[in-house]
**Student:** 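Below: one structure in structure tokens.
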Amino acid sequence: MMQEAGSAAPIVREVLLVGGGHAHALLLRRWGMRPVPGARLTLVNPGPTAPYTGMLPGFIAGHYRREELDIDLVRLARFAGARFVEGRAVALDREARAVTLASGRRLAYDIVSLDVGITSDMPALPGFAAHGLAAKPLGRFADLWAEVARGAGPLAVAVLGGGVAGAELAMACAHRLRGLGREAGITLVDRDRVLGGVSPAARRRLLAALEAWGVAMVEGDPPAEVTRDAVLLESGRRVAADVTIGAAGARAQGWLEETGLETEGGHVVTDSHLRSVTDARVYAVGDCAHFRPAPHAKAGVYAVRAAPVLAYNIAADLTGRQRKAFRPQRDFLKLVSTGGRAAVAEKAGLALSGPALWRLKDAIDARFMERLRDLPAMERPSLPRNAAEGVAAELSGPAPCGGCGAKLGAGALSGVIAGAPGAVRDDAERLPGDDAAVLRFGATRQVVSTDHLRAFALDPALVARVSAIHALGDVWAMGAAPQSALATVILPRMAARLQGPWLEEVMTAAADVFEAEGAAVLGGHSSMGAELTVGFAVTGLAGASPVTLKGARPGDALIVTKALGSGVILAAEMQGRARGGDVVACWEAMSTPQGTAARALAGEARAMTDVTGFGLAGHLWNICAASGAGAEVSLAALPLLSGAEDLAARGIRSTLSAQNRAALEAVVSAPATPRGDLVFDPQTAGGLLAAVPSGRAGALVGALRGLGFPAVRIGTVTDRPGRLEFLQNGA
């Protein structure tokens, strides 16, 4: 079942899945049920989801919602214990055993599998890049079509490519636009014969369906150019087209031919075991592969059938077992939707049509998607034998949820830090409530702080980048300029040959953050442990008077620079209950440095802090307590990460949330609502919280938004010390 980063087996092999096609999605589910201990699995894909091809025409026709198409790759990866990396592969270096992403990042592998699909973009057709809409990749097409469908007035659509895909799309467009009450002219253009590759029986039925929808067909006249409102054909004929859809000439990703692997028409040639005939470390499946033992059409059914063989063979390579051969079926039932809730079925040259066949297709598609959504629940760790009393109670609770799990609750910390032993020095100051200390060197003030995170995700580079930003939060909050950093990195147990690449990933990602802020990485310490943990001790240089918690005045406006909710999203992601798109958006928010925001606020803020483990309520209370003031905050004004409020409404909480609320029970008033709960949600690399003069709030919020931060004025400092109120409406 779902593996955690702290798996007992040392990591000895790297398996890289490039592309989130159907075969890889099914492999992830299978791997989650039967993992190979000691192998780290990585999935890289341009986005957190992959659309299911079988349901695309139904979406275009309006039968399905956009989210019903999506395979949630982030959730599947978590279930499989795999790291998910968002990115698009552009090169494969077989000698170095690494895949390069468009961002420049390189991912190492021992075994790599390619499932990157094909594209129906038409770069050779003049004007298509500027005015055309490629049917593949499917995700972009689906999103752009949704925008088209929201329009009004008559619409002319040209579909280039008269195969099954083009015919399905043409009829789906006709159905959708008719249902919206929009006048539509649909034209299907083919350089040869429309549906020429389909059996005669199926072709007759599909042509009749196209005619019934009023789809015009142009045969034997290739497109010569695409303009803003037309397709110009080689004959000189002009086809009106407000939207031009490319469904012909599907081709392999261009970079595959540059890998040195043998290809057929740009597709990686594979043997009976689904391995490249050139390199046994490289597998290829789906539309990007050419299966030499029994060449077959580019159809999703073959990718689905190949998935268990691919999973078995990769596991066999890792464990020394014998591989299995893939034996694709010679024929299969083809179901082609015809716009409405009807379909044409064809097999062995025979064809039928009608609503019952659409219901069959819908049921098959639903079963496929259910397999990828209905994932078994995560197993709780078993109770050790002869365990002490209390162990069972601790194991029965939720696992620490990533970033927030690295921190102790406020109750555990209160009084301990303040009473910590140490010499008293005139040049060293520990500020109550602040996480950083201040060292005095004449007129110069040096801010010193340290922080670390246990792995909230399975990607070391992501964890390192966020850890660096998280550690710099205290420096930024005090208005200081980052100066230096020392790293502490604990790697999970792994083979010696993997330690260098892992450490390089960590330090490269962190160094990007520090370099952008002008801070020098001076060294650090590394070791191995149960799981990945990354931390930094940082320093910053401030003027004679760093910004502290003390200084907020009644009437000051309260501004926050980032959306809240990372704690609940990280908790839900670890439980497999968060949407992949929301998780990736949360990662992006945590990965956003705040140096520019800090510099915009530093000259204006009377008090400032970063919102981290104690949540918005805890950190705002620290400002109030230090300043001898109170505060009122509008819950309605709070910026929230996508999905956070919904997860809170479902009762999902981070492990530190209850402790945060309990620690402030005597001084904080907040309703027991999803938004009320989220003010106690611990944040990782959260936003800056500043008290600024009320008259400057509007300009500062505008400036911060101009810098790309979702800054909001959330409330006001009051003259009621000891009271922090979160109100349902305005403050």
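We're numbering straight along the sequence, starting at 1. Fair warning: this is a prediction, and the values are worked out from it, not measured in the lab. Worth knowing before you read on, the calculation uses all heavy atoms, side chains too, and leaves out hydrogens, waters and symmetry mates.
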**Student:** Given side chains that start at C-beta, do those of M590 and C586 come closer than 4.5 Å, heavy atoms only?
**Tutor:** yes
**Student:** Quick check: does any side chain N or O of K298 sit under 3.5 Å from a backbone N or O of A289, one acting as donor and the other as acceptor?
**Tutor:** yes
**Student:** Quick one: pull up OG1 in T53 and CG in D287 and give me the separation to the nearest 0.5 Å.
**Tutor:** 8.0 Å
**Student:** With distance as the sole test, does D70 use its side chain to make a donor-acceptor pair with the main-chain N or O of T49 at under 3.5 Å?
**Tutor:** no
**Student:** With a 3.5 Å distance limit and no angle check, can you tell me whether N45 reaches the backbone of G47 through a side-chain donor-acceptor pair?
**Tutor:** yes
**Student:** So, T263 side chain and E257 main chain: donor-acceptor pair closer than 3.5 Å or not?
**Tutor:** no
**Student:** Walk me through whether R341 and D362 qualify under side-chain contact (heavy atoms from CB on, under 4.5 Å).
**Tutor:** CA-CA 9 Å; R341 295 178 185 269; D362 180 55; 5.9 Å; no
**Student:** Is R29 reaching over with its side chain to a backbone N or O of D374, donor-acceptor style, under 3.5 angstrom?
**Tutor:** yes
**Student:** With the side chain counted from C-beta on, respond yes when R83 and L462 share a heavy-atom pair under 4.5 Å apart, and no when they do not.
**Tutor:** no
**Student:** Count the heavy atoms belonging to other residues, nucleotides or ligands that lie under 6.0 Å from CD of Q329, then report whether that count exceeds 12.
**Tutor:** yes
**Student:** Are the side chain of H290 and the backbone N or O of G266 linked by a donor-acceptor pair below 3.5 Å?
**Tutor:** no
**Student:** Find the distance between NE2 (H63) and CG (D365) and round it off to the nearest 0.5 Å.
**Tutor:** 12.0 Å
**Student:** To the nearest 0.5 Å, what is the distance between CG on L532 and CG on L491?
**Tutor:** 6.5 Å
**Student:** Would you call L17 and D115 a side-chain contact if the rule is heavy atoms closer than 4.5 Å?
**Tutor:** no
**Student:** Does atom CZ of R330 have more than 12 heavy-atom neighbours from other groups under 6.0 Å away?
**Tutor:** no
**Student:** Crowded around E504 CD? As in, over 12 foreign heavy atoms under 6.0 Å?
**Tutor:** no
**Student:** Is any side-chain heavy atom of F291 closer than 4.5 Å to a side-chain heavy atom of L274?
**Tutor:** yes
**Student:** Measure from NZ or CZ of R30 to the centre of the six-membered ring of Y312, then state whether that distance is under 6.0 Å and the direction lies within 45° of the axis.
**Tutor:** no
**Student:** Does K347 come within less than 4.0 Å of D331, counting only side-chain N to carboxylate O?
**Tutor:** no
**Student:** Taking 4.0 angstrom as the limit, do R292 and E262 come out as a salt bridge?
**Tutor:** yes
**Student:** Contact between I11 and P492 at the side-chain level, heavy atoms closer than 4.5 Å - yes or no?
**Tutor:** yes
**Student:** Would you name the heavy atoms of F59 and R65 that are closest together and state the gap between them?
**Tutor:** CD1-C, 4.0 Å
**Student:** Is it possible for you to check whether K324 lies under 6.0 Å from the centre of the six-membered ring of F326, through NZ or CZ, and within 45° of that ring's axis?
**Tutor:** no
**Student:** Is a side-chain donor-acceptor pair under 3.5 Å present for S103 with R105?
**Tutor:** no
**Student:** Decide whether E168 and S337 meet the rule of one side-chain donor and one side-chain acceptor closer than 3.5 Å.
**Tutor:** yes
**Student:** Apply the test side-chain contact (heavy atoms from CB on, under 4.5 Å) to residues R281 and V112: give CA-CA distance (whole Å), side-chain angles for both, the deciding distance (0.1 Å), then the verdict.
**Tutor:** CA-CA 6 Å; R281 298 186 184 90; V112 62; 5.7 Å; no
**Student:** Looking at W255, is its backbone amide N or carbonyl O close enough to the side chain of T259 to form a donor-acceptor pair, meaning the two atoms are under 3.5 Å apart?
**Tutor:** no
**Student:** For the side chain of R78 and the backbone of A457, is there at least one donor-acceptor N/O pair under 3.5 Å apart?
**Tutor:** no
**Student:** As an exercise, state the distance from CZ of R13 to OG1 of T319, rounded to the nearest 0.5 Å.
**Tutor:** 9.5 Å
**Student:** Does atom CZ of R88 have more than 12 heavy-atom neighbours, drawn from other residues, nucleotides or ligands, at distances under 6.0 Å?
**Tutor:** no
**Student:** Quick check: closest heavy atoms across A297 and Y302, and the distance to 0.1 Å?
**Tutor:** O-CD1, 3.4 Å
**Student:** One pair to check against side-chain contact (heavy atoms from CB on, under 4.5 Å): F368 and H22. What are the steps and the verdict?
**Tutor:** CA-CA 10 Å; F368 175 81; H22 301 350; 4.2 Å; yes
**Student:** Just checking R321: does its CZ atom have more than 12 heavy atoms from other residues, nucleotides or ligands closer to it than 6.0 angstrom?
**Tutor:** yes
**Student:** Taking the side chain as C-beta and beyond, is there a heavy-atom pair between W31 and I314 under 4.5 Å?
**Tutor:** yes
**Student:** Would you call D93 and R106 a salt bridge, using N to O less than 4.0 angstrom?
**Tutor:** yes
**Student:** Please determine whether salt bridge (charged side-chain N to carboxylate O under 4.0 Å, His left out) holds for the pair D110 and R97, giving the CA-CA distance in whole Å, both sets of side-chain angles, and the decisive distance to 0.1 Å.
**Tutor:** CA-CA 7 Å; D110 293 301; R97 295 190 207 172; 3.6 Å; yes
**Student:** To the nearest 0.5 Å, tell me how far L76 CG sits from L28 CG.
**Tutor:** 5.5 Å
**Student:** What is the minimum heavy-atom distance between A247 and G166, and which atoms define it?
**Tutor:** CB-CA, 3.9 Å
**Student:** At their closest point, which heavy atom of L73 faces which heavy atom of A50, and how far apart are they?
**Tutor:** CD1-CB, 4.0 Å
**Student:** Can you list the steps and then say if H24 with S113 is a side-chain contact (heavy atoms from CB on, under 4.5 Å)?
**Tutor:** CA-CA 8 Å; H24 281 175; S113 179; 2.8 Å; yes
**Student:** Side-chain contact, heavy-atom cut-off 4.5 Å: L206 with T338?
**Tutor:** yes
**Student:** Is it true that R323 and D271 make a salt bridge, defined as a side-chain N closer than 4.0 Å to a carboxylate O?
**Tutor:** no
**Student:** So which atom in T270 and which in V277 form the shortest heavy-atom distance, rounded to 0.1 Å?
**Tutor:** C-CG1, 3.8 Å
**Student:** When you compare the side chain of C288 with that of L256, does any pair of heavy atoms fall below 4.5 Å?
**Tutor:** yes
**Student:** When rounded to the nearest 0.5 angstrom, what is the spacing between CG in L333 and CG in L357?
**Tutor:** 8.0 Å
**Student:** Minimum heavy-atom separation for A571 and R653, please, with both atom names.
**Tutor:** CB-O, 3.7 Å
**Student:** Hey, does the side chain of D72 reach the backbone of G580 with a donor-acceptor pair shorter than 3.5 angstrom?
**Tutor:** yes
